[in-house]
Amino acid sequence: MTSQKLSADDLKNILEFTTSLARKAGALILEGSESIQAAGAEGESNVGEKMNSVDLVTEYDVRVEQLVQSELRSKYPTFKFIGEESYSSGIQEPLTDDPTFCVDPIDGTTNFVHGFPFACISIGLIYERRPTLGIIYNPFLDHLYSGVKGQGSYLTRGSNPPRRLPLANPKPLPTLNQAVIGVEWGSDRCETTISAKSTSFARLAGDPEKGVAGGRMAHSLRSMGSAALNYSMVAQGGLDIYWEIGCWPWDVCAGIVIAEEAGGLVTGSHEAFEATKNSDQFGVITEEILTGRKYLVIRGIGNTPSETGREAQKRLIEEFYKTVIDVAPN
């Protein structure tokens, strides 16, 4: 069966609708934050657990997804839908060429529960099995990131006009030593995973002259607690690199579009990088990478007389993957 075709005008209209919907969802997220903080002050809890005690879910994760899914299906009844909470409850549709919304209702649920103002609604659109459109909205800061394949990405702060991303001309990045790198502990806390991540983080931050074998002594590591906002910060230029194992497509779909349209490059696992780095598939987000649960995104990098930005991105990813330890996601 032939999939539905989307034009540039179609994508523009979808962007306008999902932007409005993200703001509506953001209002519900703020309402939920106030409710959870008030309940916590009274010694009550309306926070549940999924995989373990650090993989949290609230009634507002479900309510936001229901709101978004209902409005998307009303407006676009022929489009498919993948959502974190519906997927967790057992609704797991295979990816096809049909337009498919990919939604994380509250990315950064732990932040949301604790009142740390870095949580967002993430709405992505997959078209012909490729991330094509993305909206990420942090209602606590009133920052809305948006992007459409081939049409650029933007940051809208409050009532100010949208600003094209990145916010400044991309600078060169000679080595990881000068990078600010986004990392996350994630919800998988088994010994194998936590040990691999601990060693990787130590190597990225450690001083090789002070006994850290393989240390890169990066400027710093950052954990925002939200994959979508990490991608947004790479697109903006505030993070140089973000690496994560264990995310899902709804965590990264919107962010991939926003980062790529800002000059960023996204790849998958160590193996995916090695298999594509010298081919025209380097930086192409295939279904295997989108669903592979291992991601690295690097910001746009300025050209130098000796190296293009693209060459620098490849070199730095190679340097990065020689430093960190791969591990299977759970």
Side-chain angles (χ1 to χ4, degrees), residues 51-56 107-111 114 116 118-119 171-248 251-252 255-256 259 264-275 277 289 292-299 301 312-330:
M51 184 174 73
N52 55 34
S53 63
V54 299
D55 189 12
L56 305 179
D107 189 43
T109 300
T110 300
N111 289 346
H114 285 268
F116 189 75
F118 286 87
K171 298 172 290 186
L173 184 60
T175 68
L176 294 179
N177 171 254
Q178 298 180 29
V180 175
I181 301 169
V183 296
E184 297 290 346
W185 290 104
S187 57
D188 178 9
R189 303 296 176 85
C190 73
E191 194 282 331
T192 300
T193 301
I194 211 75
S195 176
K197 286 191 173 183
S198 297
T199 301
S200 297
F201 299 167
R203 289 176 181 172
L204 290 170
D207 186 347
E209 297 182 1
K210 298 292 179 64
V212 181
R216 299 294 184 174
M217 205 170 179
H219 275 181
S220 195
L221 307 185
R222 294 284 183 267
S223 294
M224 296 183 69
S226 161
L229 291 177
N230 281 321
Y231 268 83
S232 299
M233 193 55 64
V234 172
Q236 181 175 323
L239 284 176
D240 296 299
I241 296 170
Y242 167 51
W243 171 60
E244 178 69 292
I245 293 176
C247 286
W248 297 87
D251 294 309
V252 302
I256 286 172
L265 187 143
V266 181
T267 190
S269 65
H270 289 64
E271 292 81 4
F273 170 69
E274 286 296 329
K277 66 181 183 181
I289 289 178
R293 303 190 61 205
K294 298 181 181 184
Y295 311 97
L296 186 150
V297 55
I298 185 168
R299 68 165 172 85
I301 295 177
Q313 287 173 322
K314 182 188 297 186
R315 173 179 54 78
L316 289 162
I317 293 171
E318 190 152 32
E319 182 182 343
F320 190 97
Y321 271 157
K322 287 179 179 177
T323 304
V324 300
I325 300 173
D326 197 7
V327 65
N330 290 322

Worked check of side chain to side chain contact (heavy atoms under 4.5 Å, CB included) between R222 and L239: CA-CA 8 Å; R222 294 284 183 267; L239 284 176; 4.0 Å; yes
For residues [X] and [Y], report the shortest heavy-atom separation together with the two atoms involved.
{"X": "C190", "Y": "N330", "result": "SG-ND2, 3.7 Å"}
{"X": "I325", "Y": "S200", "result": "N-OG, 2.9 Å"}
{"X": "M217", "Y": "P208", "result": "CB-CD, 4.3 Å"}
{"X": "A179", "Y": "A218", "result": "O-CB, 3.5 Å"}
{"X": "V252", "Y": "C247", "result": "CG1-CB, 4.2 Å"}
{"X": "P172", "Y": "R299", "result": "O-NH2, 3.5 Å"}

Pair K277-R315, side chain to side chain contact (heavy atoms under 4.5 Å, CB included): steps then yes or no: CA-CA 10 Å; K277 66 181 183 181; R315 173 179 54 78; over 6 Å; no
Spatial distance of atom [atom1] ([X]) from atom [atom2] ([Y]) [nearest 0.5 Å]:
{"X": "L221", "Y": "W243", "atom1": "CG", "atom2": "CH2", "value": "10.5 Å"}
{"X": "L265", "Y": "Q313", "atom1": "CG", "atom2": "CD", "value": "5.0 Å"}
{"X": "T175", "Y": "Q178", "atom1": "OG1", "atom2": "CD", "value": "5.0 Å"}
{"X": "M224", "Y": "S232", "atom1": "CE", "atom2": "OG", "value": "8.0 Å"}

Answer yes or no: is there a side-chain heavy-atom contact under 4.5 Å between [X] and [Y]?
{"X": "I256", "Y": "V297", "answer": "no"}
{"X": "L316", "Y": "L176", "answer": "yes"}
{"X": "I241", "Y": "L296", "answer": "yes"}
{"X": "T267", "Y": "I317", "answer": "yes"}
{"X": "D107", "Y": "D251", "answer": "yes"}
{"X": "T199", "Y": "R203", "answer": "yes"}

Residue pairs involving residues 217-238 (criterion ring pair (Phe, Tyr, Trp, His ring centres under 6.0 Å); sequence neighbours excluded): Y231-Y242
Pairwise ring pair (Phe, Tyr, Trp, His ring centres under 6.0 Å) hits with a residue in residues 179-202, at least two apart: W185-F201
Could you tell me whether a side-chain N or O of [X] sits under 3.5 Å from a main-chain N or O of [Y], the two making a donor and an acceptor?
{"X": "D240", "Y": "I181", "answer": "no"}
{"X": "S223", "Y": "G225", "answer": "no"}
{"X": "T193", "Y": "D188", "answer": "no"}
{"X": "D326", "Y": "H270", "answer": "no"}

E274 and E318: CA distance, side-chain angles, deciding distance, side chain to side chain contact (heavy atoms under 4.5 Å, CB included) verdict: CA-CA 9 Å; E274 286 296 329; E318 190 152 32; 4.1 Å; yes
Criterion side chain to side chain contact (heavy atoms under 4.5 Å, CB included) on I245 and Y295, from CA distance to verdict: CA-CA 6 Å; I245 293 176; Y295 311 97; over 6 Å; no
Distance-only donor-acceptor check, side chains S187 and R189, under 3.5 Å: no
Lys/Arg N to Asp/Glu carboxylate O, R216 vs E319, below 4.0 Å: yes
Worked verdict on E244 versus K197 for salt bridge (charged side-chain N to carboxylate O under 4.0 Å, His left out): CA-CA 10 Å; E244 178 69 292; K197 286 191 173 183; 3.4 Å; yes
